[in-house]
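Reminder, nothing fancy here: chain letters follow the sequence lines and each chain counts from 1.
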Amino acid sequence: MSGKIYISRDGLAAAMEKLSRTMDVWTPAASAKDKWGVEFALYEPGVKPILDRQSTLSPKKTIFPQVEPLFQFERTKDPEDPSKTLIRLKDRPDAKPAIIFGAHPCDARGFFTFDKVFMEGPYKDPIYKDKREKTVIASVVCRECDDACFCSAVGGGPAEKEGSDIWITPVEDGYVLEAITPKGEPILEGLGAAATSQQEAAAAKVQEEAAQQVIAGGMKMTGETAEFMKHFEDKAFWQSAIAGCISCGVCTFVCPTCYCFTITDEARDTEGDRLRSWDSCMFYHYTLEASGHNPRPNNTDRYRNRLGHKFAYFPEKYDGMIACTGCGRCIRNCPASINIWKIAQSLKEQADACM
Amino acid sequence: MTTTDIEQLHKLMEDALPELEALIGWQPGYDALHAAPAIARTPEEASRLVFNPFCIHNLARTVAKTPPPPAKEGEAPKKIGVCVKGCDSRSIIALIQEGFLKREQLYIIGIPCKGTIDLRRLMKLAGEDLRAGVKSARIEGDSLVVEGAKGSRSFPLEKVLARRCMRCKYPNPVIYDVMAGDPVIPRASEEEAHKDVDAVENLPVAERLAFWQGELDRCIRCYACRNACPLCMCQDRCIAETRDPKWLPQYMGLSEKFIFHFIHAMHLAGRCTECGECERVCPQEIPVTLIKEKLNRITKELLDYEAGVSTEAVPPFLTFNPEELGI
Amino acid sequence: MSTLDSAPDAGQKIIRIVGFLCNWCSYGGADTAGVCRFKQPTDLRIIRIPCTGRMDPLFAARALIKGADGVLVSGCHPRDCHYAVGNFYARRRLELLKHFLPFMGFDERRFRYTWVSASEGQIWQKVVTEFSEQIHQLGPNPGVEKQPRTCDA
């Protein structure tokens, strides 16, 4: 018994329905009627999963939502001493178990960046940890690489299992599911019939074909710290590289690894929430200091930081790990069609030329 | 654009470049279905500039954000060159009207435009075929012809053009120093231009609210619509983001999203030239321009004003007329 | 039954109308109405602004989005503006908003702008009474939120 199961295309909804009784089921679906975009949504009857196309926003929001209250607070007068104000805090409830059903391999790998920052210290984040540990990631073998993808150049790949708990392989008329971590095993129990040997063979063939896709011309990339630092002061380079950058937050919001956040207290009268919400290094207010000084006043400074963080500072700090999974979302969705991969490459090429 | 037109465009660029500080145009993007804004300073860089139906970016935004070069002592400051489609040229007029650009500092190369492609519409039609390996794409007559990995495919223009182009009244630049190519005939009549606004207005009020709740709910407040807008001049000091005054909390409720879009829309009333950039850049496919189209229509009806057609006109909400007894 | 005499029933949502009144005319007009003891409905919460020229249409839009049941703006009569031209600017902006609100799904009857001078206590009484009755007929503004929120900052 291989432990692989088969779910037919028509049976997918029933399987999700079954899962949704005990956990939150996030699945990619059309963002709205007649729209092209795909977005991760909580499964409910009527939601039609779309497993063969990348979502506009990465599934990071399932574990790290765009805005979440860290706690609620309420101020009251101390009845003993009215000159004193008491603050009562209300903790948030524990996270529900969840499954991301239909991530892509690049999406699943995105959480590695989060894990480094939020779980490995020096500051461990209990809210992230709680959700991360209770979330199972089921990824689809990717057969949809396009010219914006460069996953295999940054350590991933269309059939790269690392980061996923369950492996979904689309075969004719259905999907073969396979648990690849102990966390994924209990999910598959009783979810579908055992896969036949023909189905398993078909799945193996699909995986093999997916793995053979040539992405980003077969280039490989490592932490580019030295190259990056060499061009750090080259203003002309950065200006010409990002001529059309409008300093919006699209690239960071769609990104599966951008984890920067801001914390604000939103209060009215005596009660309020402490919120954590996505921030974007492309925004002016991201680095605005209380004095009014802004160390990154324009888009070139900000873009340089985004690229530098992903390909130089982060690898330097975290054992060479690049904070980018090559999913290509920021390239596809950029209003000015800025290509982070090409810029990272040209840094290297120019450095080679200098030598 | 035909080959001869492209040659003509490059010739115009070559002639102009020595007198210019920089030339703003479009360069090829990451595949044949994308282009990207570019700033050319050398003849070599200028030779890489292109014009095709994927030159969807409004370069007025880029030119407004490119600081004028410091004038050398004893010399007149060099001009900035910019390539414009019809819609871009109207944004430039609006920027000149409000004093953000100076006409004498610009060298404008006008390009008559047959329309730009809405990639999402194209992908909806073409699906998997055009995902990867597209070699080239061009407009032929009333079709878009794409040479893909699986051979050539043709799509009727009215099915793949951006909504803004379907309702475009000004495909030919309104302001220019030189024109590359022959003028094209506008695609839409006055009535057709407003049919999307009409569709919303034909709903009862409660359903209109439901419509906008559905659309705006997808907003992620990435502010791409605002930042892409050539006329959104507050930018880093937008009241949607400032802490003092604080108009918007960090919550992602519908009321925050409504307020943000009201801010953007009201600040563009009587100024917006309907270039459609806000709608194009929205990663969530919200029809943001529709809001401004309605405001423009009100402005036209009440005050008989259209933005971005005359550098002399004063935007109607920056002035008044005591004699307006009707309102 | 006139809305003037009715106290809100228990459990019934209290109607809240936000009034933006210019310091020089309408605020004085409301004061005059008070001094003369003209009976007025109590649903209006007045915010004093220096001039209707200061009236950003977004103030009214934001109030309605946040769930105010009505917004009433009042200033000096055209040509009587304390600052000469403030209300000429306001007139265009407010008229624009009035036409725009229904497009976004807000009932235009929830928004009104008018001109009342400092001596027109009785006219003020009439304006407030009429507008309040209209809002009572419309009932509470559903607002734009679909779900209630823990805290509304």
Side-chain angles (χ1 to χ4, degrees), chain B residues 197 200-201 203-217 239-240 246-267 269-270 290-299 301-303 305 316-327, chain C residues 52-53 55-68 71 76-81 83-111 113-115 138-139 141-153:
Chain B
V197 170
V200 177
E201 295 205 305
L203 301 169
V205 175
E207 282 175 39
R208 284 180 223 165
L209 182 64
F211 169 78
W212 286 114
Q213 280 172 326
E215 294 289 346
L216 297 184
D217 202 13
I239 56 164
K246 187 180 177 194
W247 270 63
L248 282 177
Q250 287 293 100
Y251 293 105
M252 289 299 290
L254 270 166
S255 61
E256 284 80 29
K257 297 171 182 178
F258 264 77
I259 293 171
F260 167 64
H261 287 281
F262 261 84
I263 292 172
H264 189 186
M266 295 306 286
H267 283 177
L290 202 55
I291 306 175
K292 287 117 200 168
E293 285 164 26
K294 172 62 183 173
L295 282 168
N296 275 355
R297 197 166 165 192
I298 300 170
T299 314
E301 280 164 10
L302 288 180
L303 302 160
Y305 177 84
F317 296 101
L318 300 181
T319 182
F320 61 88
N321 171 9
E323 307 305 325
E324 289 165 329
L325 296 178
I327 54 170
Chain C
T52 44
M55 181 65 199
D56 190 330
L58 287 168
F59 293 163
R62 189 175 191 268
L64 289 170
I65 290 167
K66 287 274 180 189
V71 174
C76 307
H77 287 278
R79 294 187 193 280
D80 275 346
C81 177
Y83 303 102
V85 295
N87 55 7
F88 287 139
Y89 285 101
R91 190 165 61 173
R92 285 189 163 187
R93 296 171 191 164
L94 296 172
E95 187 67 16
L96 174 84
L97 183 70
K98 196 178 159 68
H99 284 76
F100 177 56
L101 283 171
F103 185 72
M104 299 303 288
F106 297 90
D107 195 317
E108 61 187 317
R109 290 170 294 179
R110 293 192 188 275
F111 173 74
Y113 72 97
T114 183
W115 319 117
L138 289 168
N141 175 9
V144 300
E145 291 295 347
K146 287 190 210 152
Q147 297 151 353
R149 291 226 300 257
T150 49
C151 167
D152 202 350

Between [atom1] on residue [X] and [atom2] on residue [Y], distance to nearest 0.5 Å:
X: C:Arg93; Y: B:Phe317; atom1: CZ; atom2: CZ; answer: 9.0 Å
X: B:Gln213; Y: C:Lys146; atom1: CD; atom2: NZ; answer: 5.5 Å
X: B:Leu216; Y: C:Met104; atom1: CG; atom2: CE; answer: 5.5 Å
X: C:Glu95; Y: B:Leu302; atom1: CD; atom2: CG; answer: 5.5 Å

>> Looking at chain B, which one of C:Leu97, C:Leu96, C:Asp107 has the largest number of heavy-atom pairs inside 4.5 Å, strictly under?
In response: C:Leu96
> What option among C:Val144, C:Asp56, C:Val85, C:Leu94 has the most heavy-atom pairs under 4.5 Å with chain B?
Replying inline: C:Val144
>> Tell me if a side-chain donor or acceptor on B:Glu201 pairs with a main-chain N or O of C:Phe103 at a distance below 3.5 Å.
In response: no
Proximity breakdown for [X] and chain C, heavy-atom pairs closer than 4.5 Å:
X: B:Asn321; value: both
X: B:Leu318; value: backbone
X: B:His261; value: neither

> Which answer fits C:Leu64, side chain, backbone, both or neither, if we ask what part of it has an atom under 4.5 Å from a heavy atom of chain B?
Replying inline: neither
>> Which atoms of C:Pro102 are under 4.5 Å from chain B, going by heavy atoms: the side chain, the backbone, both sets, or neither?
In response: both
Is [Y] close to [X] at the side-chain level, that is, under 4.5 Å between some pair of heavy atoms?
X: B:Thr319; Y: C:Phe88; value: no
X: C:Leu58; Y: B:His267; value: yes
X: B:Ile259; Y: C:Lys66; value: yes

> What's the verdict on salt bridge (Lys or Arg N to Asp or Glu O under 4.0 Å) for B:Glu323 and C:Arg91, showing C-alpha distance, side-chain angles and the deciding distance?
Replying inline: CA-CA 12 Å; B:Glu323 307 305 325; C:Arg91 190 165 61 173; over 6 Å; no
>> Once side chain to side chain contact (heavy atoms under 4.5 Å, CB included) is applied, do any residues pair with B:Pro316, and if so which ones, sequence neighbours excluded?
In response: B:Thr299, B:Leu303, B:Tyr305, C:Arg92
> Angle class for the B:Phe262/C:Phe106 ring planes (parallel below 30°, perpendicular above 60°, tilted otherwise)?
Replying inline: perpendicular
> Under the salt bridge (Lys or Arg N to Asp or Glu O under 4.0 Å) test, which residues partner B:Lys292, sequence neighbours left out?
Replying inline: none
>> side-chain contact (heavy atoms from CB on, under 4.5 Å) for C:Phe100 and B:Ile291? Distances and angles first, verdict last.
In response: CA-CA 9 Å; C:Phe100 177 56; B:Ile291 306 175; 3.3 Å; yes
>> Looking at every non-hydrogen atom in both residues, tell me the closest pair between C:Gly105 and B:Arg208 and how far apart they are.
In response: CA-CB, 3.9 Å
